Amino acid sequence: MEQIERDSRRGLGRFNAYVAPARNGKATLWRLALGLVLVAAVWLVGTLGIVVVGAGGVVLREGLDGNSLDAIADRNDGEWLFRSPSGTCLVLGSFVAMWAGVWLALRVLHGRSTGSALGAERRLDRADFGRAAVAAFALGVVHIPVVWLIEPTLIRGQISLLGWLLALLPVIAFCFVQTSAEEVLFRGYLQQQLAARFATPAVWLGFPTVLFTLLHWDVDASRAMNLAVVAEIGAFALAASYLVVRTGNLGAAMGVHFGHNITGFLFFSSEPLVSGASLFHGRPVADADWAPEQALMLGLTGMGAVLVVQWLLLHHASPLRLPSLSRPVGEDGGLLPDLGEPRREH
């Protein structure tokens, strides 16, 4: 945290330029709070729409009466919706609504474009995205046998190889929708607005990290497993936020998130609701049989994987070092001036 504060005060031009559009006189806290409510409301409506679409699919498949939703609930056929490749795509596709909510909040409440939340250049850095996705995906694949050594209950999923190949491109596309939506909300909109309002990283870095982490808390999981998840997700969120600080762009953060999640959606899943297209399944986080020492090892190895990815993307000797870090600051329009302390509004 101290290093980030020193870097930002020293004039990390990319991040200063990234935050600049949010310092437009509409960075008040009430606007941000209302914006978060708006995003949540739009996303909720989108999620409800997914349930309707899924239930309608069951009706069409089974030839049931269109008014027979009670029969569907009694037969517990929700498994079709959530544990099939189509269900995985529907769930991930609901995050389109999160994108829509962020777009509305930025336009209506803050008077700026969605592009201004993507990067200092008002666009996503595709080169950074690609490098970050490769690094996170590679570490995710390497991490699978490590998880298997900790808990050797890996089983083959029900999806056939042909079905998996057919689902490959749709799941990849919808995975991008899901991961990019979360990044544009937490590391984009939220972090950017807070940085425009508060000078200290403890606020604009800490709050989005804590919020993102707590949203992954599973009330059905044991305390040990939840602590392990919090440790890994917290490390991931902090690392992604720092990538935005260093690059002034969401490209790297989106890439890391995408590469990480695609391994779960397509190769190894421990989340039943989005396991329909995954080749292998592991024990769910909420399983009551996890031993505390297993949770500890999972948390430590997960944090270790996050650190390795961060090294690959930031270290000057890494072949996967982010391309944007080698460009002169201020390129793409001379967006480098230090903008000083954020204005205080009331």
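What you see is a predicted model, and the numbers here were worked out from it, not measured in a lab. Side-chain atoms are counted along with the backbone in the values below, which use heavy atoms only and exclude waters and symmetry mates.
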Q: Evaluate side-chain contact (heavy atoms from CB on, under 4.5 Å) for L313 paired with V256, printing each intermediate quantity in order.
A: CA-CA 10 Å; L313 298 180; V256 166; 3.5 Å; yes
Q. Parallel, tilted or perpendicular: which fits the ring planes of F95 and W43, with parallel below 30° and perpendicular above 60°?
A.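 Plane angle between 30° and 60°, so tilted.
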Q) Relative to the ring of F186, is the ring of F212 parallel (under 30°), tilted (30 to 60°) or perpendicular (over 60°)? A)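 Perpendicular, since the angle between the ring planes exceeds 60°.
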Has [X] got a side-chain atom pairing as donor or acceptor with [Y]'s backbone, closer than 3.5 angstrom?
X	Y	answer
T247	L243	yes
R156	I159	yes
R131	R321	yes
T200	V203	no
Q294	A291	yes
W217	T213	no
S269	F265	no
W164	L266	yes
Q310	A239	yes
H281	S275	yes

I want to check something: taking the side chain as every heavy atom from C-beta on, are [X] and [Y] in contact at a cut-off of under 4.5 Å?
X	Y	result
P170	C89	yes
V308	V142	no
Q193	W204	no

Measure from the ring center of [X] to the ring center of [Y] and say whether it is less than 6.0 Å.
X	Y	value
W103	Y189	no
F129	F258	yes
F268	H143	no

Q: To the nearest 0.5 angstrom, please state how far the CG atom of L118 sits from the CD atom of E183.
A: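 If I round to the nearest 0.5 Å, the distance is 11.5 Å.
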Q: Quick one: pull up CG in L139 and CG in L307 and give me the separation to the nearest 0.5 Å.
A: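 So the CG of L139 and the CG of L307 are separated by 10.0 Å.
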Q.
Taking side-chain hydrogen bond (donor to acceptor under 3.5 Å, both in side chains) as the criterion, tell me which of E121, R122, R126 meets it with N249.
A.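 Result: among E121, R122, R126, E121 is the only option passing the side-chain hydrogen bond (donor to acceptor under 3.5 Å, both in side chains) with N249.
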Q | Steps toward side-chain contact (heavy atoms from CB on, under 4.5 Å) verdict (T28, L32) | A | CA-CA 7 Å; T28 49; L32 176 58; over 6 Å; no
(Q) Just to verify, which of V42, T114, V39, L109 counts as forming a side-chain contact (heavy atoms from CB on, under 4.5 Å) with L104? (A)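 Exactly one candidate clears the test, V42.
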Q.
Assess the residue pair S180 and W99 against the criterion (side chain to side chain donor-acceptor pair (under 3.5 Å)); give the C-alpha distance rounded to whole Å, side-chain angles, the decisive distance to 0.1 Å, and a yes or no.
A. CA-CA 8 Å; S180 63; W99 265 106; 3.0 Å; yes
List the atom of [X], the atom of [Y], and the distance in Å for their closest heavy-atom pair.
X	Y	result
R246	R14	O-CD, 3.5 Å
N226	A221	ND2-O, 3.6 Å
H110	N24	O-ND2, 2.7 Å
A135	V309	O-CG2, 4.0 Å
S160	G163	OG-N, 3.0 Å
A253	V244	CB-CG2, 4.0 Å

Q: Show your working on side-chain contact (heavy atoms from CB on, under 4.5 Å) between F176 and L92 and close with a plain yes or no.
A: CA-CA 9 Å; F176 176 76; L92 299 180; over 6 Å; no
Q.
For F15 and V19: C-alpha separation, side-chain torsions, deciding distance, then whether side-chain contact (heavy atoms from CB on, under 4.5 Å) applies.
A. CA-CA 6 Å; F15 188 63; V19 176; 3.7 Å; yes
(Q) Here's one to test your reading of the geometry: is the NZ or CZ of R283 within 45 degrees of the ring axis of W290 and under 6.0 Å from its centre? (A)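 Pair R283/W290 counts as cation-pi.
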Q) Does a side chain donor of either S324 or D128 reach within less than 3.5 Å of an acceptor in the other side chain? A)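 Note: S324 and D128 side chains meet the donor-acceptor criterion.
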(Q) Less than 3.5 Å apart, any donor N or O on the side chain of R197 or Q192 sitting next to an acceptor on the other? (A)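 Per modelled atom types, R197 and Q192 side chains form no pair under 3.5 Å.
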